[in-house]
Amino acid sequence: MKALATILLGTSILFSAGAAMAADLHGDVDVNADTIHLGDLFDALGPNQATIVIGQAPAPGHRITYDATVLDRIAAANGVDWKSTGNERVIVSRPSVDVTADQIQAAFTKALADAGAPAGMEVQLDNPGTVLRLPANSDSSIGFTNVNYDAARGRATGDLVIPAKGEPVIRQSFGARVAVMVTLPVLNRRVAPGETIAASDVEWTKVPRTRISGDVVTEARDLIGLTVRHGASPYQPVRSDEVRAPVVVTRGALVTMMLQSGNMTLTVQGRAQTEGGVNEIIRVTNTASNRTIDARVAGPDLVMVQPTAQAPIGQVPQGPLNTAAVRTTRTALN
């Protein structure tokens with residue numbers, strides 16, 4: 001081990017046999033400096049021996065091991081009265097303050113917002129496993145300089161500095177993918193086709209704006225109480241055509257066909273050719289005339305027929321119902 005063999009013999013203080021003192025070996029130790037001293041390894045040293053530098057300390061967050069052979073060499077080179085039995089070792093560790101990728105990402109996000117990037121964005125570092133280690137008791141505040149946001153490419157770059165103020169201990173460039181996020185209601189389980197969506201089936205999640213099309217459901221009220229047509233994946237944006245009102249008229253069912261015009265209401269029996277939920281348009285055949293028309297589902301086994309004069313169903317025109325209106329009304333049902 002090259003680091004272990006770096007023993008500073010030139011600075012060693014050698015003592016005569018008569019002046020040497022019996023020393024004891026430390027156990028595993030922590031150091032908070034850039035160098036390892038003789039006193040970090042041995043106790044009961046002679047005058048000035050403890051301060052002798054014997055090697056470079058490991059980087060913050062790392063450690064180095066001195067085995068019996070190396071310890072013997074260090075003791076002999078520095079006049080320490082100690083001999084190994086062949087089994088000793090000392091692990092020298094360097095405590096650290098760790099700056100994680102999450103902390104870097106949060107600082108980068110704030111720096112981008114301060115630089116004028118859109119609110120509600122999510123930043124993903126190109127190297128998400130990054131951990132920066134500083135010496136123990138260091139100021140680990142994070143700053144970013146030279147921040148740049150490319151909206152067209154969804155990219156950002158910046159130079160990290162630690163600490164945020166003063167002389168940097170660490171300076172490193174970072175790149176990241178940036179997505180503007182939108183909060184959407186999603187299903188938290190796989191809802192079977194035809195099953196009614198309950199409030200407990202809906203949660204909110206953040207989705208990149210680029211994944212949202214114009215037909216995506218953005219309000220929980222547009223999901224709760226509806227049913228899924230063919231199944232929808234959990235925690236994915238739901239398109240409006242993937243849900244529908246619960247079916248209250250089944251295909252082949254006998255229904256009441258109702259037409260309202262003015263103060264008159266006419267009804268006949270029909271048979272549904274397609275299924276539908278409330279307010280959906282289905283095909284219905286008049287069982288008497290065998291004529292098939294479009295009708296709007298108004299409730300269980302009830303459909304509303306539009307008058308041929310195109311007056312909105314359910315709106316009652318003012319004034320007396322004349323003969324022409326009756327003929328128009330009957331024509332719509334027959």
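- Summarising the geometry of Ala272 relative to Ile282, their closest heavy-atom pair is CB-CD1, 4.2 Å, with the distance given to 0.1 Å.
- Residues satisfying the side chain to side chain contact (heavy atoms under 4.5 Å, CB included) criterion with Asn127, sequence neighbours excluded, are Leu125, Thr130, Gln172, Phe174.
- For the residue pair Asp72/Ser84, the side-chain donor-acceptor check at 3.5 Å is satisfied.
- The residues Asp201 and Arg189 are annotated as salt-bridged, a charged nitrogen and a carboxylate oxygen being separated by less than 4.0 angstrom.
- Asp30 meets the side chain to side chain donor-acceptor pair (under 3.5 Å) test with no other residue; sequence neighbours excluded.
- A chain of hydrophobic side-chain contacts below 4.5 Å, direct or via other Ile, Leu, Val, Met, Phe, Trp or Tyr residues, connects Val147 to Val180.
- Comment: Arg209 does not engage Glu122 in a salt bridge, judged by the lack of any side-chain N to carboxylate O separation of less than 4.0 angstrom.
- Sequence neighbours left out, the pairs with a member in residues 27-47 that pass ring-ring contact (aromatic ring centres under 6.0 Å, His included) are Phe42-Trp82.
- In terms of the side chain to side chain donor-acceptor pair (under 3.5 Å) criterion, residue partners of Asp294 (sequence neighbours excluded) are, by chain and number, Arg283.
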For this session: Dump the intermediate steps for side chain to side chain contact (heavy atoms under 4.5 Å, CB included) on Asn78 and Ile54, then the final yes or no.
Result: CA-CA 9 Å; Asn78 293 282; Ile54 57 142; 4.2 Å; yes
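- Within the structure, ring-ring contact (aromatic ring centres under 6.0 Å, His included) pairs that include any residue of residues 137-171 comprise Phe108-Phe144 (at least two apart or interchain).
- Residue Asp241 qualifies as enclosed at atom CG: its count of foreign heavy atoms under 6.0 Å is above 12.
- Thr250 and Glu275 share no donor-acceptor pair across their side chains, judged by distance under 3.5 Å alone.
- Residues Val131 and Leu160 are members of separate hydrophobic clusters, defined by side-chain heavy-atom contacts under 4.5 angstrom among Ile, Leu, Val, Met, Phe, Trp and Tyr.
- Considering Thr227, Asp222, Leu223 as possible partners of Val243, the one that fulfils the side chain to side chain contact (heavy atoms under 4.5 Å, CB included) test is Leu223.
- Asp139 and Ser141 share a donor-acceptor pair across their side chains, judged by distance under 3.5 Å alone.
- Judged purely by distance below 3.5 Å, without hydrogens or angles, the side chains of Asn32 and Arg94 never pair a donor atom with an acceptor atom.
- A search for side chain to side chain donor-acceptor pair (under 3.5 Å) contacts involving Glu280 returns Arg244, not counting sequence neighbours.
- The backbone N or O of Asp67 sits nowhere less than 3.5 Å from a side-chain atom of Glu88 that would complete a donor-acceptor pair.
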